[in-house]
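These notes are about the structure you will find just below.
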Amino acid sequence: MTLQERLEQEDLLFGLKGYDVDDFLRRWKKELSLLETTCSEDPKCSYYNFSHAVGVGMIMEKLLEGSEKFSVSEKHRGVIAGIYHDFKYNGDKDDSANIRITIDNFMFTGRSVLGDAVDRDFVCNIIVQTRYPYKPDDVLTDLGKLLRDADRLYGLVFSSTQMVNRLYLALGHKLGVYYLNDFVERNINFLEEFVCFSEEAKKIYDQTVHQAIDIHKRVLWGN
């Protein structure tokens with residue numbers, strides 16, 4: 001099964017205005033090569049699937065569009081960090097373990113994407129800044145802020161009832177929330193109080209938050 005076929009099967013990214021999956025796959029074909037080779041694998045957690053990987057990369061690209069803060073090279077590596085931020089996600093309750101697995105696998109197998117170890121170090125330094133839960137004293141780079149936002153905005157931009165259920169299965173036990181309705185209510189509060197780490201993310205948040213909350217309420221009401 002190709003990556004495109006897998007994404008179509010997951011059916012989370014297609015048909016959304018402003019996000020052309022076919023175009024993204026074409027333009028980033030080389031950078032997606034490593035993900036392509038793993039597309040036959042079943043992710044251990046259905047939320048952190050290939051749609052999540054590609055979707056976060058697409059949002060990261062959109063956040064970087066038009067920015068004068070970053071060089072072309074930094075933008076390129078930023079999108080790669082978005083694509084591979086949960087690479088080989090292991091589903092551990094301690095996210096530090098998931099981050100370590102991601103970094104170890106990307107440093108070892110990422111030569112097809114970024115041959116230079118310095119570039120891979122740069123990408124991994126961005127990825128490590130997505131470690132959850134977030135702490136007030138976390139030191140974030142500008143690209144790290146964007147990737148944190150892209151990772152969280154994925155659940156808004158590509159929100160669906162299927163997405164909410166997948167997120168519950170992925171995060172509920174980590175948060176100690178064991179009933180779907182409790183999780184959905186908690187998530188609605190989170191969306192309403194959502195604080196962006198970057199100015200670039202605020203616009204996307206404003207465009208997507210109301211629809212995402214409506215979808216959560218549909219899950220809550222069983223519609």
Side-chain angles (χ1 to χ4, degrees), residues 1-65 67 70-91 98-99 101-130 143-144 146-155 157-158 160 163 166 170 200 204:
M1 184 182 295
T2 67
L3 180 56
Q4 173 137 358
E5 289 170 339
R6 185 58 182 262
L7 292 171
E8 289 171 344
Q9 183 183 67
E10 292 171 359
D11 195 29
L12 293 178
L13 295 177
F14 287 87
L16 188 67
K17 184 178 179 181
Y19 293 85
D20 189 330
V21 182
D22 294 324
D23 182 56
F24 185 84
L25 295 180
R26 177 183 56 77
R27 288 186 293 104
W28 291 89
K29 183 175 181 180
K30 176 183 179 295
E31 290 79 7
L32 287 160
S33 60
L34 183 57
L35 200 64
E36 183 83 36
T37 63
T38 65
C39 70
S40 62
E41 300 177 7
D42 286 323
K44 292 190 176 183
C45 173
S46 61
Y47 176 79
Y48 298 102
N49 53 21
F50 299 108
S51 282
H52 181 70
V54 174
V56 172
M58 291 171 68
I59 296 170
M60 190 68 173
E61 183 183 53
K62 196 167 284 286
L63 290 173
L64 287 163
E65 280 179 1
S67 174
F70 309 104
S71 67
V72 172
S73 176
E74 287 172 328
K75 289 180 180 180
H76 179 254
R77 289 178 288 181
V79 174
I80 292 173
I83 293 169
Y84 289 101
H85 75 289
D86 280 330
F87 185 54
K88 302 285 187 178
Y89 184 85
N90 199 48
N98 298 316
I99 292 287
I101 289 168
T102 291
I103 288 174
D104 287 348
N105 276 281
F106 188 76
M107 286 300 294
F108 180 71
T109 60
R111 293 179 181 84
S112 61
V113 180
L114 287 170
D116 193 318
V118 174
D119 283 344
R120 279 179 276 145
D121 278 336
F122 186 94
V123 167
C124 289
N125 183 55
I126 306 169
I127 289 173
V128 76
Q129 295 176 63
T130 65
L143 280 172
L146 288 185
L147 184 52
R148 275 199 180 186
D149 282 335
D151 192 16
R152 299 187 311 153
L153 285 170
Y154 173 78
V157 172
F158 299 107
S160 67
M163 165 82 69
R166 288 180 170 186
E200 293 87 345
I204 293 178

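Since this is a predicted model, take the numbers as computed values, not measurements.
Here the straight-line distance linking atom CD of Glu200 with atom CD of Glu65 works out to 12.0 Å at 0.5 Å rounding. The distance from the CG atom of Leu7 to the CD atom of Gln4 is 7.0 Å, given to the nearest 0.5 Å. Note: Phe106 CZ to Ile83 CD1 = 9.0 Å, rounded to the nearest 0.5 Å. Taking CD1 from Ile127 and CZ from Arg120, the interatomic distance works out to 12.0 Å, rounded to the nearest 0.5 Å. Taken to the nearest 0.5 Å, the CG atom of Leu3 stands 11.0 Å off from the CG atom of Leu34. One distance of note links CD1 of Ile103 with CG of Asn98; it measures 11.0 Å at 0.5 Å rounding.
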Run the side-chain donor-acceptor check on residues 108-118: report pairs under 3.5 Å with partners two or more places apart or on a different chain.
{"unit_1": "Thr109", "atom_1": "OG1", "unit_2": "Asn105", "atom_2": "O", "d": "2.6"}
{"unit_1": "Arg111", "atom_1": "NH1", "unit_2": "Phe108", "atom_2": "O", "d": "2.5"}
{"unit_1": "Asp116", "atom_1": "OD1", "unit_2": "Val118", "atom_2": "N", "d": "2.7"}

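Annotation: side chain of His85 is in contact with side chain of Val56 (closest heavy-atom distance under 4.5 Å). No side-chain heavy atom of Glu5 sits less than 4.5 Å from a side-chain heavy atom of Glu10. Counting heavy atoms from C-beta outward, Val21 and Met58 have side chains that approach closer than 4.5 Å. Looking only at side-chain heavy atoms (C-beta outward), Thr102 and Lys88 stay at 4.5 Å or farther from each other. Between Phe24 and Leu13 there is no side-chain heavy-atom pair separated by less than 4.5 Å. Ile101 is not listed as a side-chain neighbour of Tyr89, based on a closest heavy-atom distance of 4.5 Å or more. Ile59 places a side-chain heavy atom less than 4.5 Å from the side chain of Tyr154. Between Val54 and Trp28 there is no side-chain heavy-atom pair separated by less than 4.5 Å.
When every heavy atom of Gly82 is checked against every heavy atom of Leu147, the shortest pair comes out as CA-CD1, 3.5 Å. Minimum interatomic distance between Met60 and Leu143 (heavy atoms only, all atoms of both residues): CE-O, 3.6 Å.
Note on ring orientation: taking the six-membered ring where Trp is involved, the planes of His52 and Tyr48 are perpendicular (angle over 60°, cut-offs 30° and 60°). Ring-plane geometry between Phe158 and Tyr19 is classed as perpendicular, the angle between the planes exceeding 60 degrees on a 0 to 90 degree scale with a lower cut at 30.
Under a 4.0 Å N-O distance rule, the pair Asp23/Arg26 qualifies as a salt bridge. We find that Glu36 and Arg6 are not joined by a salt bridge, their nearest charged nitrogen and carboxylate oxygen being 4.0 Å or further apart.
Residues that satisfy the ring-ring contact (aromatic ring centres under 6.0 Å, His included) test with Phe122, not counting sequence neighbours, are absent from this structure.
A donor-acceptor pair is defined here as one N or O able to donate and one able to accept, closer than 3.5 Å; no such pair exists between the side chain of Glu61 and the backbone of Val79. With hydrogens and angles disregarded, a donor-acceptor distance shorter than 3.5 Å links the side chain of Ser33 to the backbone of Lys30. No donor-acceptor pair under 3.5 Å is formed between the side chain of Lys62 and the backbone N or O of Ile204.
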Candidate pair Val123 and Tyr84, rule side-chain contact (heavy atoms from CB on, under 4.5 Å), full reasoning: CA-CA 9 Å; Val123 167; Tyr84 289 101; 5.6 Å; no
Evaluation steps, side-chain contact (heavy atoms from CB on, under 4.5 Å), between Arg77 and Glu31: CA-CA 10 Å; Arg77 289 178 288 181; Glu31 290 79 7; over 6 Å; no
